[in-house]
Amino acid sequence: MKKLTTLVLSLLLIAGIAFGGGTKEAPTTATGGPGEVEVLHWWTSGGEAAAVAVLKQLLEDEGHTWIDFAVAGGGGDAAMTVLKSRALAGNPPAAAQVKGPEIQLWGGVLANLNDVAKANDWDNILPKVVADIMKFEGNYVAVPVNVHRINWMWVNPDVFKQAGATIPTTWDELDAAAKKIQAAGLIPIAWGGQPWQEATVFEIIVAGVGGTDFYTQTMIDADVSALKSPTMVKVFETLRMLLSYTDPGAPNRDWNLATSMVIKGEAAMQFMGDWALGEFVAAGKVPDQDFIAMTAPQTEDQFIFNIDSFIMFDVEDPANAGAQQAMARLILEPEFQEAFNVPKGSIPVRLGMSNEPYAAPQRLAMKNFVTSAKTGDLVPSMAHGMAVMPDIRGAILDVVTNFCNSNLSAEDAASQLASAVDVVK
Ligand code: BGC
């Protein structure tokens with residue numbers, strides 16, 4: 001982990017991005033005049049685009065200019081590659097979607113957002129655990145947007161009906177239902193064969209098969225003996241079972257195309273975070289009528305969380321610094337929190353917001369966010385960069401993807417997983 005931190009920071013130094021020991025002082029001269037802010041993000045699907053348009057509009061309503069820098073590719077891996085090369089070229093965008101512990105890797109070269117945070121009471125309107133992720137050496141350097149839940153199963157009830165199958169609540173029931181759906185000539189599982197999507201399903205199975213303690217040991221603590229334990233073998237066996245119910249078009253399929261297979265009744269279910277809800281809603285579908293959102297098998301109590309956030313790079317021009325600070329402020333205002341999160345499928349990160357305008361799955365998520373925190377079942381997503389540093393995540397994704405695209409046995413996959421993590425740890 002230290003190795004990577006040093007690497008990123010020294011590359012930035014070489015690229016000529018000035019940086020001191022801590023975060024930069026917030027520009028004191030941010031003017032009220034119009035400025036521009038270039039925003040790197042990866043929100044390009046129907047639901048995502050509808051949500052990000054809200055932020056653009058609010059910023060433009062204040063007279064600022066939004067320069068859109070969208071890098072397609074769910075999960076953001078492509079966007080992160082582009083961000084690194086822009087930073088290396090000494091020309092990072094003013095704002096970039098960066099999440100979780102990775103914020104710490106950039107911390108030393110980011111703009112300090114303490115003034116905006118103080119003026120808008122971020123310490124009190126955010127859950128402490130979220131505020132802590134947004135800080136580097138005690139200073140705010142990122143602003144959180146929302147909370148997504150990962151462990152969802154998106155179901156087309158008509159497909160189950162056609163096959164005479166029952167919607168599963170355990171992995172064994174899923175096996176039985178999927179067999180019937182396949183026998184009826186339908187696709188049981190809409191699968192996107194991209195590493196981050198495979199990792200998303202993998203971590204859901206880790207939570208479901210192993211429970212919260214096992215999830216913590218493996219996906220957060222990266223404990224090598226737990227990673228090669230018999231429970232992990234069972235996780236890979238379950239993943240293999242799921243893979244046997246996917247279609248030949250799965251390799252490299254985008255997540256929203258997989259969601260659309262469920263929407264259209266071409267497939268029975270998809271395992272994906274609740275940005276998928278945004279796609280159902282954008283397609284005019286109604287929960288509990290056209291589709292069902294359920295917690296994935298055996299993960300009813302758990303809430304695997306994924307928080308989107310933006311980091312801000314220091315900018316020279318005071319008007320542009322003002323635009324940047326306006327963006328940071330707007331993101332945590334109640335108006336944005338509601339207008340963005342409703343179409344995005346996520347829930348507000350700001351405390352004390354009403355659940356009224358939200359769809360049923362989001363209301364359930366809002367409730368479970370609180371209950372899971374109390375029972376210790378609120379856990380960060382490995383697949384979405386919330387739980388471990390990027391090098392450990394990368395090692396896990398490599399093994400999981402290799403397993404999904406080969407005939408590797410579950411035993412060998414578990415032992416490869418442990419070795420791969422051990423090397424980078
Ligand atoms: C992000 C979501 C996004 C999803 C698919 C996740 O990592 O947190 O905001 O919708 O990737 O692109």
Side-chain angles (χ1 to χ4, degrees), residues 39-56 69-83 95-103 130 133-134 142-152 154 190-204 219 252-260 262 270-283 293 303-311 331 336-337 339-349 361-362 365 369 379-388 390 393-394 396-397:
V39 186
L40 170 71
H41 63 90
W42 65 88
W43 290 326
T44 56
S45 76
E48 291 175 335
V52 74
V54 169
L55 185 54
K56 178 174 190 265
F69 185 11
V71 179
D77 290 322
M80 287 309 95
T81 305
V82 173
L83 176 62
Q97 200 187 336
V98 171
K99 297 193 296 193
E102 186 164 358
I103 293 169
V130 177
I133 301 171
M134 304 301 139
V143 52
V145 175
N146 59 356
V147 180
H148 272 301
R149 187 183 201 173
I150 302 293
N151 49 310
W152 286 108
W154 306 94
W191 194 265
Q194 296 172 345
W196 73 272
Q197 294 189 66
E198 292 161 344
T200 300
V201 184
F202 171 75
E203 75 179 9
I204 291 174
M219 300 293 99
N252 208 30
R253 176 186 283 136
D254 288 331
W255 69 271
N256 52 324
L257 298 182
T259 309
S260 133
V262 179
Q270 181 189 18
F271 296 93
M272 190 45 62
D274 41 20
W275 45 93
L277 176 62
E279 297 308 291
F280 283 96
V281 171
F303 192 120
I304 306 179
F305 72 87
N306 169 30
I307 296 169
D308 286 306
S309 48
F310 283 98
I311 56 173
I331 285 175
F336 169 82
Q337 285 290 306
F340 176 91
N341 284 308
V342 168
K344 185 71 170 70
S346 41
I347 62 173
V349 68
Q362 288 160 304
F369 188 64
V379 287
S381 164
M382 179 283 300
H384 293 272
M386 300 301 302
V388 287
R393 172 182 178 268
I396 299 176
L397 262 62

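Counting convention: from 1, in listed order, for ligands and their atoms alike. Computed from heavy atoms alone, side chains included, the values below leave out hydrogens, waters and symmetry copies.
For G75, the heavy-atom gap to ligand 1 drops under 4.0 angstrom.
The distance from the CD1 atom of I133 to the CZ atom of F305 is 5.0 Å, given to the nearest 0.5 Å.
Atoms of ligand 1 lying under 4.0 Å from any heavy atom of N306, numbered from 1 in the order shown and given with element: 1 (C), 6 (C), 7 (O), 8 (O).
Nearest heavy atom pair, residue M382 against residue R393, reads O-CD, 3.5 Å. The shortest non-hydrogen separation linking P361 to A293 is CG-CB, 3.7 Å.
Scanning all protein heavy atoms for the shortest distance to atom 6 (C) of ligand 1 gives H384 ND1, 3.5 Å. Protein heavy atom closest to atom 2 (C) of ligand 1, with residue, atom name and distance, is K344 NZ, 3.4 Å. Among protein heavy atoms, atom 1 (C) of ligand 1 sits closest to D308 OD1, 3.4 Å. Of all protein heavy atoms, the one closest to atom 5 (C) of ligand 1 is E48 OE2, 3.2 Å.
Taking F303 as the reference, F369 meet the ring pair (Phe, Tyr, Trp, His ring centres under 6.0 Å) condition, with sequence neighbours excluded.
For the 3.5 Å distance criterion, the side chains of Q362 and D274 fail to qualify, holding no donor opposite an acceptor.
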